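Reckoned from all heavy atoms, side chains included, excluding hydrogens, waters and symmetry mates. Only a predicted model underlies this, so the values are computations on that prediction, with no experimental measurement involved.
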Amino acid sequence: FFPHKKMVDALSAAAFENSLARAFHGSEEVLCQGCHHNAPVSEKPAPCVRCHPASRSQKSDARPDLMGAYHLQCMACHTAMEVELDGECAACHAPLTAVSSQ
């Protein structure tokens, strides 16, 4: 699960707080290019899974799989925007439930 709307809302709010950012990122279509980096600017860019396979077993080239792409994009953006990650995996991932070893 990727909290797409939450991320778009947060990016929009951050971009529109600054007049320079508004000048360069004045529309959500342009703002979307940060993540949808190889898709043409459009109202509805292609989903990540179109270029990044959902599982590692489907990989056929150097592009990261879907989980790798999320981690690379999300963590790089959080670092660039100086948003603390603090190893809080549960902030994006549902906590793992213990698996019993019966």
So how far is it from [X] [atom1] to [Y] [atom2], rounded to the nearest 0.5 Å?
X   : Y   : atom1 : atom2 : value
L66 : C51 : CG    : SG    : 11.0 Å
L72 : R63 : CG    : CZ    : 14.0 Å
L11 : C32 : CG    : SG    : 9.0 Å

With D9, the side chain to side chain contact (heavy atoms under 4.5 Å, CB included) member among K5, M7, K6: K5
Verify same cluster id: V49, Y70 (apolar side-chain graph, 4.5 Å):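 Yes, it is one cluster - the side chains of V49 and Y70 are joined through contacts under 4.5 Å.
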Residue pair H37, Q73: steps toward the side chain to side chain contact (heavy atoms under 4.5 Å, CB included) verdict: CA-CA 10 Å; H37 52 103; Q73 286 289 81; 3.9 Å; yes
Check: A69 main-chain N/O paired with H52 side-chain donor or acceptor under 3.5 Å: no
Under 3.5 Å donor-acceptor, H36 side chain and C48 backbone: no
